[in-house]
Amino acid sequence: MRNIPSYDPQSLEAKWQAHWAARHTNEPDLDRAARPFYNLMMFPYPSAEGLHVGNMFAFTGADIYGRFKRLQGFDVFEPIGFDAFGIHSENYALQVGTNPATLIPQNIATFRRQLRQFGAMYDWRHELSTTDPAYYKWTQWIFVQLFKAGLAYKKRAAVNWCPKDKTVLANEQVIDGRCERCGTAVEQRFLDQWFFRITDFAERLLANLDHIDWSSSTKLLQRNWIGRSEGAELMFETPSGKKITVFTTRPDTVFGATYLVLAPEHPLVDELTAVEHRSAVKAYQREVQSKDVVSRRVGDKTKSGVFIGSYARNPATGEAIPIWIADYVLMEYGTGAIMAVPAHDKRDFEFATQFKLPIRQVVATEGEGEGEPLPSVSEGGKLMNSGAFDGMPCRDAARKIVAWLAERGLATPRVQYRLHDWCISRQRYWGPPIPIIYCEQCGPVPVPEKDLPVELPLIEDFRPDDTGVSPLARHEEWYFVKCPKCGGQGRRETDVSDTFLDSAWYHLRYPSTEFHDRPFDPARTTKWLPVSSYIGGNEHAVLHLLYARFICMVLNDLGHLQFDTPYPKFRAHGLIVKDGAKMSKSRGNVVVPDTYIKEWGADTFRMYLMFLGPFQEGGDFRDEGIVGIRRFLEKVWTLVHESPAGGGATHPAVEQKLHRTIRKVTADTEALQYNTAIAAMMEYVNEMRERGAGSRELLKPLVIMLAPYAPHVAEELWAVLGERESVLQARWPSFDEQLASTGDVEIAVQVNGKLRSRLVVPRGMPQEAVVKIVLSDPVVKKFVDSQKVRKVIYVQDRLVNLVV
RNA sequence: GCUCGGCUGGCGAAAUCGGUAAACGCUGCGGACUUAAAAUCCGCUGGGCUCUGCCCUUGGAGGUUCGAGUCCUCCGCCGAGCACCA
């Protein structure tokens, strides 16, 4: 036996990383690439703690895919950057008392080092950070485009206010009534906020989901978030001639509407309140306003509300029904008013029971007698107590009733969405200033594009206070500015924008980072976009991914882009948990990759993470199995080093196994089923060792297939096998379907569906021949005995079942 | 409450169309090598029994089928998302 060098990942990985950097191995020619493939992964937020195992799991999975495509002959562009603005960084900066502008570069340096050491194929020439003025110049430019298109507007709105972080939060940043970050109960405040009209795009955002290749779980989350409901607006008229419009998804139940409920803030409330009820109504409105936005939205509490002393006519029955106000009706959804059908709506039922309002059943459910108890919300029944519509199924009735009321102008079909406009204002410091100047004469004026970026000034006191005004307002030489239109005294907008705006377009910037006079170069963009493959976490399913689609649609409509979908293919990776719980600093279960990489090497750790479970499902991190991967790599190492230059042993069974392995690894890698691809390579190595085969011809394809998973050791072994170029210059091996599907197969022999014997036959043997052998098998004979075989079921190459 | 995903050996997991359940790996046990240990290599490793063989086993109970981890119905548990959205 020859003396082979020992496998030392540390020196070997450093060597190859230096080699890649020196040779610019991972820097495709963006202008001349023949087969561009844009391999994108969600860029990280550079936290002070550094990269954790969850990040590395995601990045490794994405990098494997990129390397796989590279080996298939694509010019792969795999960029990386940092999503470094936002409340995370700012809160941390406040906590340690250092300006985020000094902290963030330190964090980024740490991330950069960690990202380099695990061996991803990043093109560092195109690194970006959202906090770089050269980047956020264009984030501001995008704001200006939306503003000019009438898609950005300012609105005074009740917002979620976190008293601890002293900032507004988006609805989606409020979890169970508490601040997503600090857990403090959120309050209601009224502030002027900038919004983007994403609701104008609700239908397109929803329809688009049908055509894009995304993880179904992600699509589902987006559909639910957009929350489309079909229904109708119905008109209820008061004796004074006021029309109250309600939105309902169940117009079929209008005969059962026994009262109306308006949101306490509804504009008609004042007018419709009878004199003797005025004080009670005012008191109730005050009570509701004093509550925070969130506790009002918590569903499972007792209902409250007051009668306002007036009535409206039910358009179907013509009877006068009382009008109430109650906080369970929200002004933001629908028309801010509902028709209450207590017999067929749970909330209305609770309310009616509590305030002793009439309940009238108008839908008879299936079956005899009573059917299900009220409130019955099923749409499966037939109408009753509904005049001419009695006996009609709900769905038909809904259409017919709307048509009938529409004739008198009392109904309009209507589609309603749950999605709200995107509030992008943040009363904070650490973000791109919203590029607007307020002028006494001209109103809000966008900063001219030539004056962008509006740089975020480096200020000492970036602490927010509870005025609700950004700290930027305290910085006078920045705050006061000439109006770009009339030259008069103006004031800058002091809000900064939401981080999700930064990340809504970063994929457009990567290929064009060297251009400073345009956000994304048209030629580069045409060549590289939309993104070929996008991999990231489902925690961004409804925020980042929805906003990115929206911004792309807008830029497309405005003529800046030729496509309206940024990521036609997206796959959500699973979550790495520790001891059954999500990794978080507060739980103290965060695993840092550095120590593992130091101990085992990046290749072993990368593969181990991928072997833990299916990439798209994630898994529980534990370190018990890592040695298995290391042993596997050692075996490959030994096989390659022992393989003689001239030839080496081969074996027909191993050759066949090779072709099957290539088939499986190719399919599994394409499908991101990395765990089973690794298992297939292990099987192949086991087979080689058992058969004593180890020729270079058998090993080269293995080393290529290994390259996406364990890139450093693959390079080394490729060189040992006598190759001079990088293994990335090699072509992914092809397989011979014929060879992969020949050979013997083991067939299961069943009698009456129970396994009784096994039989090895050549692949593709016809039924008669197999049955003949089977019937002569003594074990089978025993079970068949003297009974007559009534039926034979034969599945080619798999099983034969005798029914007696 | 609604929607979705999951539940398979001691553990992580595999299993195109309904067709040999447990591939691959870990752990554990036994053996080889060694003065010894580590490393490495070989073997065994779901449970039971009347053990040359047979029976049971994919959260539970039914069903469809020659045949069910896979399809259908009901139930349980775990996780995620949404949640007074009319």
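Every chain is numbered from 1 and lettered A, B, ... according to where its sequence line falls, protein lines coming before strand lines.
Looking at heavy-atom distances under 4.0 Å, A:R414 makes no contact with the nucleic acid at all. Among the protein residues, A:K346 comes within range of no part of the nucleic acid, since none of its heavy atoms lies under 4.0 Å from any strand. Backbone-only contact: A:S229 has heavy atoms under 4.0 Å from sugar-phosphate atoms and none from a base. Residue contacts for A:N686: at a heavy-atom cut-off of 4.0 Å it reaches the sugar-phosphate backbone alone, with no base atom in range.
Between A:Y684 atom OH and B:A23 atom C1' there is a gap of 18 Å when expressed in whole angstrom units. Here the C1' atom of nucleotide B:C84 and the CD atom of A:Q354 are 13 Å apart, to the nearest Å. As rounded to whole Å, 16 Å separates atom C1' of B:G25 from atom CZ of A:R630. Atom CH2 in A:W214 sits roughly 18 Å away from atom C1' in B:C4 (whole-Å rounding). We find that OH of A:Y709 is positioned 13 Å from C1' of B:C24, with the value rounded to whole Å. Computed from coordinates, the A:L419 CG to B:C82 P distance equals 13 Å when rounded to whole Å. B:C82 atom C1' lies 14 Å from atom CD1 of A:I226, rounded to whole Å. Across the protein-nucleic acid pair, A:L546 atom CG and B:C82 atom P stand 13 Å apart, rounded to whole Å.
Among the candidates A:L799, A:V749, A:V800, the single residue satisfying the side-chain contact (heavy atoms from CB on, under 4.5 Å) test with A:L759 is A:V749.
Partners of A:Y684 by ring-ring contact (aromatic ring centres under 6.0 Å, His included), not counting sequence neighbours: none found. The side-chain contact (heavy atoms from CB on, under 4.5 Å) test applied to A:E624 returns A:R622, not counting sequence neighbours. Partners of A:A316 under the side-chain contact (heavy atoms from CB on, under 4.5 Å) rule, at least two apart in sequence or in another chain, are A:V254, A:F255, A:N314, A:W404. Residues forming a ring-ring contact (aromatic ring centres under 6.0 Å, His included) with A:Y794 (at least two apart in sequence, or on another chain): none. Under the side-chain contact (heavy atoms from CB on, under 4.5 Å) criterion, A:T638 pairs with A:I4, A:E642, sequence neighbours left out. Residues passing the side-chain contact (heavy atoms from CB on, under 4.5 Å) test with A:K664 are A:D668, A:T676, A:A680, sequence neighbours excluded. Under the ring-ring contact (aromatic ring centres under 6.0 Å, His included) criterion, A:F735 pairs with no residue at all, not counting sequence neighbours.
When base pairs are accepted only as Watson-Crick or G-U wobble with both N-N or N-O distances under 3.5 Å, RNA chain B takes part in stems of 3 or more pairs at B:1-7 with B:76-82, B:10-12 with B:24-26, B:28-32 with B:40-44, B:46-49 with B:53-56, B:59-63 with B:71-75.
The shortest side-chain heavy-atom distance between A:L234 and A:T245 does not fall under the 4.5 Å cut-off. The shortest side-chain heavy-atom distance between A:E332 and A:H420 falls under the 4.5 Å cut-off.
For the OP1/OP2 pair of B:C55 and a distance below 4.0 Å, the side-chain nitrogens and oxygens of A:R756 include at least one atom meeting the criterion.
A perpendicular orientation is assigned to the rings of A:H540 and A:H544, their planes being inclined by more than 60° (bins at 30° and 60°).
Nucleotide B:G63 is shown with an anti base, its glycosidic torsion being more than 90° from 0.
Annotation: B:U65 and B:C82 have their C1' atoms spaced 39 Å apart (nearest Å). Atom name P, nucleotides B:A36 and B:G31: the rounded distance is 13 Å, in whole Å. A distance of about 11 Å separates the C1' atoms of B:U45 and B:G30, rounded to the whole Å. Only the C1' atoms considered, B:A83 is 28 Å distant from B:U73, to the nearest whole Å. Of the P atoms belonging to B:A14 and B:G63, the separation is 31 Å, rounded to the nearest Å. Nucleotides B:A15 and B:G25 place their P atoms 16 Å apart, quoted to the nearest Å. Taking atom C1' on both nucleotides, B:A13 is separated from B:G46 by 14 Å, rounded to a whole Å.
Cation-pi geometry between A:R549 and A:W214 is satisfied (NZ or CZ under 6.0 Å from the ring centre, within 45° of the ring normal).
A:F605 and A:W600 have their aromatic ring centers separated by at least 6.0 angstrom. Between A:F57 and A:F615, the distance from one ring center to the other falls under 6.0 angstrom. Taking the six-membered ring where the residue is Trp, the centroids of A:F611 and A:F632 are separated by 6.0 Å or more.
Of the two residues contacting RNA chain B, namely A:N224 and A:G334, the nearest-nucleotide position lying further toward the 5' end is that of A:N224.
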Quick tally for nucleotides 16-22 of chain B: nucleotides whose base has a protein heavy atom under 4.0 Å get B, sugar-phosphate-only ones S, the rest -, giving ---BB--
Report, as a single string ordered 5' to 3', how protein heavy atoms within less than 4.0 Å touch nucleotides 37-53 of chain B: B base, S sugar-phosphate only, - not at all.
---SS-----------S
Quick one: which protein N/O atoms are closer than 3.5 Å to N/O atoms of nucleotides 5-10 of chain B? Pair and distance per line, please.
none

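The stretch residues 664-683 of chain A touches RNA chain B through A:N675, A:T676, A:A679, A:M682, A:E683, each having a heavy atom under 4.0 angstrom from the strand.
Interface remark: the A:K303 side chain does form a donor-acceptor pair with the B:C84 base, using a distance-only criterion of under 3.5 Å.
No more than 12 heavy atoms of other residues, nucleotides or ligands sit less than 6.0 Å from atom NZ of A:K346. The number of heavy atoms from other shown groups lying within 6.0 Å of CZ (A:R763) is above 12.
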